2 protein chains.
Amino acid sequence: MAATSKDDGKAGPRRGGVTLREVARLAGVHPGTASRAINEETRGLVNDATAQRVLAAAEQIGYRPNPIARGLKTSRSHTVGVLIPDLTNPLFPPIVRGIQDRLERDGYTPLIANTDNDAERERGSIDALSARRVDGLLTATAQADSAAFAALAELEIPVVLINRQVLGGNMRSVAPDDRAGVRLAVEHLVGLGHTKIAHLGGPAATSTGALRSESFVETMRRLGLDADPALTVSGGAMTEAEGERLCRQLLAGGAEFTAIVAANDLVALGCYDVFDAEGIDCPGDVSVVGFNDMRFADRFEPPLTTIRIPHTEMGVRAAELLLEQIRDPDSPARHELLEPTLVIRDSTAPPRRDP
Amino acid sequence: MAATSKDDGKAGPRRGGVTLREVARLAGVHPGTASRAINEETRGLVNDATAQRVLAAAEQIGYRPNPIARGLKTSRSHTVGVLIPDLTNPLFPPIVRGIQDRLERDGYTPLIANTDNDAERERGSIDALSARRVDGLLTATAQADSAAFAALAELEIPVVLINRQVLGGNMRSVAPDDRAGVRLAVEHLVGLGHTKIAHLGGPAATSTGALRSESFVETMRRLGLDADPALTVSGGAMTEAEGERLCRQLLAGGAEFTAIVAANDLVALGCYDVFDAEGIDCPGDVSVVGFNDMRFADRFEPPLTTIRIPHTEMGVRAAELLLEQIRDPDSPARHELLEPTLVIRDSTAPPRRDP
DNA sequence: CCCACCGTTGCAACCGTTTGCGCGGCAAAG
DNA sequence: CTTTGCCGCGCAAACGGTTGCAACGGTGGG
């Protein structure tokens, strides 16, 4: 391969496009030959000298292969769809960033669509993406029972699930180890001396929500504590609004508690809101631990104790799994679990001795 | 590959491919006619009854036009490139979201690339995007002097600048009214009684940075105050780290001040960091106002007084300007300014009477 | 009655690349 | 000096739509 970092002064990428034909003519070969020379995988089919001549010609006139034309012939678009609920949710930008960076390295381009967790929009996005002939799909939205989920399967293109996993399916996935995460959270709280711990869970229809809740009661039990059903509620989404609603519901229930493990950081923020409104001191009156360690979690009041998961890496791994499957559709399905870690800040403290 | 004989009848398991030909055959017309019937703009050329027949046939077998093939012939990809510094910067997700939503309505798909404000990466992204034959470009990155900027112009495709404007150019742009924004900030501070106000500016090479700084000294002067040069510094980026650096520099300078107007919220957060480290009370010792009102600005400690700009709308308007230009390349260039508003929180207060 | 014209549709040439096929020619084998 | 094999390369047919052009039947005007 010729030096790629050559400092070219006059490569003018013209809009109208230099075509392969022109390269071929300049190199004095047939377009077919030029094509073979330019493609890495087929370069072996042409004489070394000719290949060099073609490459030089291409360089000289600034040839850029037209992916549209290529895609038409090969029915590979070198694009992949990315389905997320909402880019505006701070959880996703780092994930997407990881995806973009990894994909870019391999010449793939992500097409990002927001679904707002709306089944109809999701369905529509899947349609649009498949119309654009994406080579694969990364999705952070699939609910276990969603009809859109069926649509995914029937698409017959590589799919990898992010931040979710599906039970029996042979769909690849990468997600944080949710069980381990809340285990860390509960153990931290118990270590601090808490015994009456509440859980504000996410939607049971998502593996994330379900797993975290499961692990909560499991861990409580294992530690010999009572997971009071009145203290483990779950909501319809992991948002500040839902967190607020759930927290109020908890308070209204009347059951005592000194700590909360929230389904995620946003839910934890919802708790902060009711604390402020009700004059509850955190962590004095009640401790809170979040999940995700999203950006700025260290800057809230109080700085939030939470479970950190490697967002960017999650995106990167997801992209890698997808690329792998695109290249070898028969490779075995894999489910990756990313290790979470506890990061202790100021929203957790030992419970008051005597209320 | 196994020999695919010259079949034309028995269609195998179709990957994604109901073709226009099949629709035509089902409707009993020529593919060309089917094409005209399906395209809105050319439908008038075919008999109404035939058009209905074709449409019905298309519906029946679930035909989806192949944008790749279409793009090859029309040299329109119905995609637009979006250049941003870093998706992870909380300023951008809402903008991008606005872009996506608006573009989607018109059947366009955004291709998002991160440049990290690195000239080389930017150049590379522009190359990649133009290789993908985007129909236009939205960019939130162009620095006034950037070489990449020249590359943009020479691309000869519609471009609209976001959050930046370029002086003489005929390039469309949409940006917040930066001047008005810092005017609000300064007036607020002065109204509170501050007279020794510092400014932590962004890169002078960006219109955002330059304009905000300009407006700062201008407003100070207009209000009969002294814009002490020792108190108006500017950095190389609008980040927490730069904010921290600049703030320390200010402190080291020794000149007195009771308030800071920061180039943006991130820079303000940098100030918070040095306040924490140095035991400075905000707003007691010094007031701070940010710019952007990014997500969570109300949750920092203290909640940040800042200038709100309509992020999502900015994205929407940018997309609209671009679509307009794509459809009519000769339409007059326009520069839109979005009205900022002051949102007062707890990081600003009257200066202490007596230090 | 002929012709010009109109609305409608078929025909075929693209758009830029990839790729199966086959053909020369040269070297090794017989 | 033939035969065999292989290497390089040219040829042309796709891929799925779009679109200028021509054909065609019918109609109204001259």
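Order of the sequence lines sets the chain letters (A, B, ...), proteins ahead of strands, with each chain counted from 1. Everything numeric in this text was worked out from a predicted model, so none of it was measured. Below, each value reflects all heavy atoms present in this structure, side chains not excepted, and no hydrogens, waters or symmetry copies.
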Touch check for A:Thr74, heavy atoms < 4.0 angstrom, all strands: base, sugar-phosphate only, or nothing?
sugar-phosphate
Let me know which of A:Leu83, A:Thr141, A:Asp118 forms a side-chain contact (heavy atoms from CB on, under 4.5 Å) with A:Ser125.
A:Leu83
A:Asp135 side chain to A:Ser77 main-chain N or O, any donor-acceptor pair under 3.5 Å?
yes
What is the distance, to the nearest angstrom, from the CZ atom on A:Arg21 to the C1' atom on C:dT17?
9 Å
If the condition is side-chain contact (heavy atoms from CB on, under 4.5 Å), which residues does A:Glu336 pass it with, not counting sequence neighbours?
A:Val174, A:Arg317, A:Leu321, A:Arg334, A:Leu338
Atom CG of B:Leu72 and atom P of C:dT17: how far apart are they, to the nearest Å?
9 Å
Just to confirm, is there a sub-4.0 Å distance from OP1 or OP2 of C:dT18 to any side-chain nitrogen or oxygen of A:Asn39?
yes
Using salt bridge (Lys or Arg N to Asp or Glu O under 4.0 Å) as the criterion, list what pairs up with B:Arg121, not counting sequence neighbours.
A:Asp101, A:Glu104, B:Asp116
Between B:Asp48 and B:Arg53, does any NZ, NE, NH1 or NH2 come within less than 4.0 Å of an OD or OE carboxylate oxygen?
no
Just by distance, do the side chain of B:Arg43 and the backbone of B:Ile38 share a donor-acceptor pair under 3.5 Å?
yes
Criterion side chain to side chain contact (heavy atoms under 4.5 Å, CB included) on A:Ile326 and A:Arg76, from CA distance to verdict:
CA-CA 10 Å; A:Ile326 287 177; A:Arg76 286 206 144 193; 3.4 Å; yes
Separation of C:dG16 P from A:Arg25 CZ (nearest whole Å)
12 Å
Which atom pairs link the protein and nucleotides 23-28 of chain C when you take only N or O atoms and keep those under 3.5 Å?
none

Rounding to an integer number of Å, can you tell me how far B:Arg76 CZ sits from D:dT18 P?
14 Å
Considering residues at least two apart in sequence or located in another chain, which fulfil the side-chain contact (heavy atoms from CB on, under 4.5 Å) criterion with A:Ser35?
A:Leu20
Kindly calculate the angle separating the two end axes of the helix from C:dC1-D:dG30 to C:dG30-D:dC1, each obtained from five base pairs, and round it to 10 degrees.
60°
Using only side-chain N and O atoms of A:Arg70, determine if any of them is under 4.0 Å from OP1 or OP2 of C:dT18.
yes
Whole-Å distance, A:Arg43 CZ to D:dC9 P, equals 14 Å
On a heavy-atom basis, the closest approach of A:Gly62 and A:Val18 is O-CG2, 4.0 Å
Output the rounded distance in Å from CG (B:Leu20) to C1' (D:dT18).
9 Å
Given C:dT18, is OP1 or OP2 found less than 4.0 Å from the side-chain N or O atoms of A:Ser35?
yes
Are the side chain of B:Asp106 and the backbone N or O of B:Tyr108 linked by a donor-acceptor pair below 3.5 Å?
no
Rounding to a whole Å, what distance do you find between A:Ile68:CD1 and D:dG17:C1'?
13 Å
Check nucleotides 9-11 of chain C against the protein and report each pair of N or O atoms closer than 3.5 Å, with its distance, or say if there are none.
from   : atom 1 : to      : atom 2 : distance (Å)
C:dT9  : OP1    : B:Thr50 : OG1    : 2.6
C:dT9  : OP2    : B:Asn47 : N      : 2.8
C:dT9  : OP2    : B:Thr50 : OG1    : 3.1
C:dG10 : OP2    : B:His30 : N      : 2.8
C:dG10 : OP2    : B:Thr33 : OG1    : 2.7
C:dG10 : N7     : B:Arg36 : NH2    : 3.4
C:dG10 : O6     : B:Arg36 : NH2    : 2.8

Using whole Å, report how far CG of A:Asn66 lies from C1' of C:dG16.
6 Å
Donor-acceptor pair, A:Arg97 side chain versus B:Thr88 backbone, under 3.5 Å?
no
Can you work out whether B:Ala69 or B:Thr42 has the more 5'-proximal nearest nucleotide on DNA chain D?
B:Ala69
B:Thr33 side chain vs B:Val29 backbone, donor-acceptor pair below 3.5 Å:
no
